[in-house]
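What follows is a short report on a single structure.
Everything quoted here is computed from the prediction, not taken from an experiment. Every chain is numbered from 1, with letters handed out A, B, ... down the list of sequences.
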There are 2 protein chains.
Amino acid sequence: MNCTVIKIGGRLVEEASSLGHACDRLAALPPPFVVVHGGGVLADELCRSLALPRRVIDGRRVTDAATLRVIVMAYAGWINKSIVAALQQRGVNACGLSGCDERLVVSRRRAGTGVDWGHVGDVDRVDDRALARFIARGIVPVLSPVTLGTDGGLLNTNADSVAAAVAVALSDRYAVDLLFCLDKRGVLADPGDDSTLLPALTRALHEEGKRRGTINAGMLPKLENAFKALEAGVRSARLLHPRDLGDDAAGTKILLS
Amino acid sequence: MNCTVIKIGGRLVEEASSLGHACDRLAALPPPFVVVHGGGVLADELCRSLALPRRVIDGRRVTDAATLRVIVMAYAGWINKSIVAALQQRGVNACGLSGCDERLVVSRRRAGTGVDWGHVGDVDRVDDRALARFIARGIVPVLSPVTLGTDGGLLNTNADSVAAAVAVALSDRYAVDLLFCLDKRGVLADPGDDSTLLPALTRALHEEGKRRGTINAGMLPKLENAFKALEAGVRSARLLHPRDLGDDAAGTKILLS
């Protein structure tokens with residue numbers, strides 16, 4: 001049986017009109033599928049409003065206690081429930097979940113890299129059996145990247161990594177297609193020119209793009225996670241714009257070789 | 001089979017130490033049980049920080065779009081996931097849910113009372129079958145009072161009413177005991193004197209207390225919901241302090257006559 005894992009984040013789900021469009025496409029996908037989302041724009045906005053300092057290293061937010069509360073409120077709260085409501089409006093029976101719920105995604109607090117990351121975690125394990133129970137009942141899990149630390153606290157985790165870990169974990173049971181949604185058509189040879197879409201990207205092309213600096217920094221975690229997921233048994237991985245969801249030839253297909 | 005529905009809110013779950021104590025008691029309860037929570041203190045605090053005006057009529061918050069976002073962030077986000085993490089730490093496999101998830105609690109937008117309530121809903125129906133599926137798997141549902149409007153949007157709903165509606169809906173399948181947690185020992189004859197606990201409260205005593213003004217305003221929605229739930233088939237209803245959870249003789253037992 002197939003299963004699609006779709007990562008979507010940023011303005012694509014944080015602005016009401018783009019969220020609506022994305023959910024139109026999601027509602028047209030053949031089940032089963034799982035949605036994993038981000039929510040950094042709202043978290044940034046809230047941190048600014050609450051005068052919390054924003055400190056990001058390598059694209060990862062240093063998360064003190066006050067920032068963790070904002071992250072959980074934004075990701076597990078508003079964004080998660082907005083996506084669920086938008087899917088329910090379209091007849092998709094979604095269930096919004098975070099890693100702490102049923103211990104679906106347990107992570108290890110990031111430490112020992114010379115930086116005090118605070119409440120930041122890296123995925124340790126995904127409970128594919130619990131996720132599969134939702135899927136078997138026809139429910140679409142909508143997962144926020146708030147995870148449960150092995151020490152029992154909530155941790156802020158990278159949503160691309162959560163999506164990849166979920167895809168890998170589900171690969172024991174399903175043939176999994178992993179889709180990373182972008183606000184571009186896919187990986188572009190020239191990031192400023194939408195007509196330079198690369199229909200496929202191999203590891204070798206990826207390494208070359210990184211050397212030349214033509215691969216956009218924001219794409220790196222998606223690409224690294226896509227390659228890792230393929231190596232760990234995910235059937236396919238693709239980067240695409242949400243308007244192309246459902247089109248198996250759209251976007252950039254990631255290939256191990 | 002028995003099932004306990006526990007409503008808990010305010011400082012009892014919004015301060016880390018009280019949350020820990022409450023979860024110690026919850027973790028010692030015999031399963032199955034369902035937790036329904038509030039979260040008004042954090043919502044008020046956020047509204048103040050974000051300079052959103054607070055307008056409350058009859059204990060119910062008028063909820064414009066910006067306030068709805070705060071409500072969803074506070075209730076469905078931070079409070080919900082904090083309770084789930086605290087229960088997981090104590091070995092209880094909890095799952096944090098809101099009414100939109102699996103359409104568990106659908107509500108009707110409040111209208112026609114001369115006030116524009118905004119995004120405020122009154123419970124229309126609870127999907128007891130979906131809730132029972134969590135219970136049957138040994139999962140403890142932790143429900144926020146964010147519900148799904150019949151028009152598809154998220155609505156702010158009174159948590160006491162959600163707890164009562166959940167208890168009534170589950171009464172088709174279980175013998176349900178409904179517990180409202182308070183920061184007092186129960187209903188007090190003299191609200192300022194903890195030694196004046198009423199071990200039981202009938203409708204007649206309740207009406208008398210309302211006339212005399214000895215029943216605290218904050219207790220009214222809990223008491224009204226408790227009476228309504230008993231009339232609709234809930235086996236028992238009780239108001240008590242969370243430290244007394246598990247003690248069937250503690251607090252104030254609500255009796256129809």
Legend entry - chain A contact via B/Y75 - side chain, backbone, both or neither, heavy atoms under 4.5 Å: neither
Inset, instruction - Measure distances from B/R133 to the heavy atoms of chain A and classify the residue's part below 4.5 Å as side chain, backbone, both or neither. - result: side chain
Legend entry - Structural part of B/A94 lying under 4.5 Å from a heavy atom of chain A: backbone
Legend entry - Residue A/L87 versus chain B: region with a heavy atom under 4.5 Å: neither
Legend entry - Heavy atoms of other groups near A/R243 CZ, more than 12 under 6.0 Å: yes
Legend entry - A/R69/B/E14 ion pair, N-O < 4.0 Å: no
Inset, instruction - Measure the shortest side-chain to side-chain distance between A/L68 and B/W78 over non-hydrogen atoms and say whether it is less than 4.5 angstrom. - result: yes
Inset, instruction - Take A/M73 and B/L46 through the side chain to side chain contact (heavy atoms under 4.5 Å, CB included) test and state the conclusion after the steps. - result: CA-CA 11 Å; A/M73 292 196 300; B/L46 265 176; 3.4 Å; yes
Legend entry - Side chain, backbone, both or neither of A/R137 within contact of chain B (heavy atoms, under 4.5 Å): side chain
Legend entry - A/R55 atom CZ, neighbour heavy-atom count above 12 within 6.0 Å: no
Inset, instruction - Could you pull out the closest heavy-atom pair between A/A85 and B/G152, with the gap in Å? - result: CB-O, 3.8 Å
Inset, instruction - Might you confirm whether atom CZ of A/R109 has over 12 heavy atoms from other residues, nucleotides or ligands at distances under 6.0 Å? - result: yes
Legend entry - Close side-chain approach of A/K81 and B/D101, heavy atoms under 4.5 Å: yes
Legend entry - Exercise: identify the closest heavy-atom pair between A/L148 and B/Q88: CD2-CB, 3.9 Å
Legend entry - Best-contacting candidate, A/A76, A/C100, A/S144, against chain B by heavy atom pairs under 4.5 angstrom: A/C100
Legend entry - Most contacts with chain B, counted as non-hydrogen pairs under 4.5 angstrom, among A/G149, A/A130, A/A51, A/G96: A/G96
Inset, instruction - Calculate, to the nearest 0.5 Å, the distance between atoms CD1 and CD belonging to A/I139 and B/E102 respectively. - result: 3.5 Å
Legend entry - Heavy-atom pair of closest approach, residues B/C95 and A/L97: SG-CD2, 3.5 Å
Legend entry - Close side-chain approach of A/L50 to B/L50, heavy-atom, < 4.5 Å: yes
